[in-house]
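Reviewing the structure listed below.
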Number of protein chains: 2
Amino acid sequence: MKQAKISEAVVRRLPIYLQVLNEMHLREIQTVSSQELGVKLDLNPAQIRKDLAYFGEFGRKGIGYDVVYLIEKIRQILKVDQTIKVALVGAGNLGHALCNYNKYSKDNMQITAVFDVHPGKIGSSINNLRVLPMSELVKTVEEQKIRIGIITVPAFEAQNVANQFIEAGIEGILNFAPAILRVPEEVRIHNADFTKELLSLAYYLGREGDAQDESDLD
Amino acid sequence: MKQAKISEAVVRRLPIYLQVLNEMHLREIQTVSSQELGVKLDLNPAQIRKDLAYFGEFGRKGIGYDVVYLIEKIRQILKVDQTIKVALVGAGNLGHALCNYNKYSKDNMQITAVFDVHPGKIGSSINNLRVLPMSELVKTVEEQKIRIGIITVPAFEAQNVANQFIEAGIEGILNFAPAILRVPEEVRIHNADFTKELLSLAYYLGREGDAQDESDLD
DNA sequence: TAGATTGTTAATCGATTAACAATC
DNA sequence: TAGATTGTTAATCGATTAACAATC
């Protein structure tokens, strides 16, 4: 019954649950119901219960979910109960931001290698990591058993970087470049291109320049 | 027939269409079919046609879509045919990255004001913009008619920043902080929290530590 | 004309929500 | 026991895909 085939929508909610649960844990809340989670996250409680039930029976009828236990379980599901090593290419401002974030986060995702294509950047240090040349990428990824690659280079260099990650046998790529990358089926790719977020946000602006136009609803 | 009620899924695809069309335009491609777009984007052609048809008849039967015309139309739909002003709070590495991006992008989204809560940052310059204190936020947003706010501060400060944006009458917020923000219904909020992207990516790793387990499919 | 491709309706598929027995 | 809340099945809702007439 395990792994019935979980939809992407479900997987994307898991980190959100984790975030709220972590906050609750900090506030020393022991137990939470799907109802309460639903209010906090603006989600239907049934959906939350169903999401969790795909992976096991984590709650107790009449009681709710134990916060600590549920955190542990979701971390297992997301595979961040172990440390997952991450490589980053692109030692610009965005790369710096991600590396710094790394320091404070307790998510078990650890950036352990940083690369850059530009000779000027190589050898400098970010968050105690020496920036390495691209020529070291494949070797380093293999040796350190790095599983995820982050791309924070300009769009025109992104596919090249992806290709090197693929050659090195990376399993997942988080791409910040505004480019559509071609990767083999077995490599998972997530795009985190904020320009697209901004553009879709712009869509929802207005009812202002154009006045409140509720005349042709049907 | 206009604005039948467009689903979020549709809106989120529009910037992707725009990106590919822009690329095609650079390569001087004049006309494109939903078929071709579908191949490039790994989407069903019928879906692309349907998405576009929500907003008007942009194509020509037997021919396809004129690239330049479709770009223009999608920009109108997304309201980026006009310049949209954006304010950013948090002059850290991420804030820098977004401001720089600004320079190169021709998306008509323009960051015109940068703020920070920390006195040490105030007065420094990012991409020709003086970093202003939070006390100037409301006034600046109103005066400059800024419509979108970007939040790149630590999680614990994010809600405060959001509240100030709301007070200033902002219409949309792009939040990079790993925090769930409460905003009034009329303010649109998009979360661009990359930790969640990384965590959901981690879910898809593996079939490696655990061996290829195809035994209990049904 | 024949081939291509749109816009759109109908069919399918999948995700969300409601409802409720089980049980703490 | 009575009240609360889960896990899960059934009902609903919405999104994707197929199919095709219209037409370039």
Side-chain angles (χ1 to χ4, degrees), chain A residues 1-14 16-17 20-21 24 29-74 77 200 203 217-218, chain B residues 1-14 16-17 20-21 24 29-74 77 200 203 217-218:
Chain A
M1 189 106 327
K2 267 200 154 187
Q3 299 295 96
K5 183 126 122 298
I6 311 300
S7 87
E8 193 171 319
V10 173
V11 175
R12 289 193 169 277
R13 282 191 292 269
L14 294 177
I16 306 178
Y17 300 154
V20 173
L21 290 166
M24 287 178 159
I29 295 164
Q30 320 268 310
T31 298
V32 66
S33 68
S34 60
Q35 175 66 227
E36 295 170 294
L37 282 173
V39 169
K40 268 226 185 306
L41 291 168
D42 220 353
L43 293 176
N44 184 301
Q47 182 170 65
I48 296 172
R49 293 201 298 279
K50 202 162 200 278
D51 284 354
L52 296 173
Y54 282 117
F55 303 100
E57 303 198 0
F58 303 143
R60 288 210 294 163
K61 288 172 182 167
I63 308 285
Y65 299 90
D66 183 274
V67 172
V68 170
Y69 181 70
L70 191 53
I71 287 173
E72 186 188 316
K73 282 300 173 186
I74 295 179
I77 295 162
S200 62
Y203 173 84
L217 293 173
D218 94 358
Chain B
M1 190 103 331
K2 267 199 154 190
Q3 300 295 98
K5 177 128 129 294
I6 311 300
S7 87
E8 195 171 318
V10 173
V11 175
R12 290 192 170 276
R13 282 191 292 268
L14 294 177
I16 305 177
Y17 299 154
V20 174
L21 289 165
M24 288 179 159
I29 295 165
Q30 320 268 309
T31 298
V32 67
S33 68
S34 60
Q35 175 65 226
E36 295 169 295
L37 282 173
V39 169
K40 268 226 186 306
L41 292 168
D42 219 354
L43 293 175
N44 184 301
Q47 182 171 65
I48 296 173
R49 292 200 299 280
K50 201 164 202 278
D51 284 354
L52 296 172
Y54 282 118
F55 303 100
E57 303 197 1
F58 302 144
R60 287 210 294 161
K61 288 171 183 168
I63 310 282
Y65 300 90
D66 182 273
V67 171
V68 170
Y69 181 70
L70 191 53
I71 288 174
E72 186 189 317
K73 283 300 172 184
I74 295 179
I77 295 162
S200 61
Y203 173 83
L217 294 171
D218 95 358

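We name chains A, B, ... by the order of the sequence lines, and we start the count at 1 in each one. Note that the structure is a prediction, hence the values are computed from the model and not measured.
The nearest whole Å value for the distance from the CG atom in B:Asn44 to the C1' atom in D:dA18 is 8 Å. Note: CD (B:Glu8) to C1' (C:dA15) measures 15 Å, nearest angstrom. The distance from atom CD1 of A:Ile48 to atom P of C:dA18 is 13 Å, rounded to the nearest whole Å. We find that CD of A:Gln47 is positioned 17 Å from P of C:dA19, with the value rounded to whole Å. Computed from coordinates, the A:Tyr54 OH to D:dT9 C1' distance equals 12 Å when rounded to whole Å. Nucleotide D:dT16 holds its P atom 13 Å from the CZ atom of B:Arg12, rounded to whole Å. Counting to the nearest Å, the C1' atom of C:dT17 and the CG atom of A:Asp42 are 15 Å from each other. In this structure, A:Tyr69 places its OH atom 15 Å from P of D:dT6, rounding to the nearest Å.
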Output one line per pair: protein atom, nucleotide atom from nucleotides 2-5 of chain C, and distance, for all N/O pairs under 3.5 Å.
unit_1, atom_1, unit_2, atom_2, d
C:dT5, O4', B:Gly62, N, 3.3
C:dT5, O2, B:Gly62, N, 3.0

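Once rounded to the nearest 0.5 Å, the distance linking CD1 of B:Ile74 with OH of B:Tyr65 reads 9.5 Å. The line from OH of A:Tyr203 to CG of B:Leu14 is 8.0 Å long, rounded to the nearest 0.5 Å.
In this structure B:Glu57 satisfies the side chain to side chain donor-acceptor pair (under 3.5 Å) test with no other residue, sequence neighbours excluded. Residues forming a side chain to side chain contact (heavy atoms under 4.5 Å, CB included) with B:Ile16 (at least two apart in sequence, or on another chain): A:Lys196, B:Leu41. Taking the side chain to side chain contact (heavy atoms under 4.5 Å, CB included) definition, one finds that A:Lys50 meets it with A:Tyr54, sequence neighbours left out. Partners of B:Arg12 according to the salt bridge (Lys or Arg N to Asp or Glu O under 4.0 Å) rule, which considers only residues two or more places apart in sequence or in another chain, are A:Glu197, B:Glu8. Remark: A:Ile29 engages A:Met24, A:Arg27, A:Val67 in a side chain to side chain contact (heavy atoms under 4.5 Å, CB included) (not counting sequence neighbours).
Pairs engaging residues 58-68 of chain B under the salt bridge (Lys or Arg N to Asp or Glu O under 4.0 Å) rule: none recorded [sequence neighbours left out]. Judged as a side-chain hydrogen bond (donor to acceptor under 3.5 Å, both in side chains), the pairs with a partner in residues 32-43 of chain B (not counting sequence neighbours) are, in order, B:Ser33-B:Glu36, B:Ser34-B:Arg49.
Using a 4.0 Å heavy-atom distance criterion, B:Glu57 is classed as a sugar-phosphate-only contact.
Between its opening and closing five pairs, the helix from C:dG3-D:dC24 to C:dC24-D:dG3 changes axis direction by 10°, a value rounded to 10 degrees.
In the set D:dT17, C:dT16, C:dA18, the nucleotide with an atom closest to the side chain of B:Lys50 is D:dT17.
Contact check, B:Arg13 against D:dT16: a side-chain N or O comes under 4.0 Å of OP1 or OP2.
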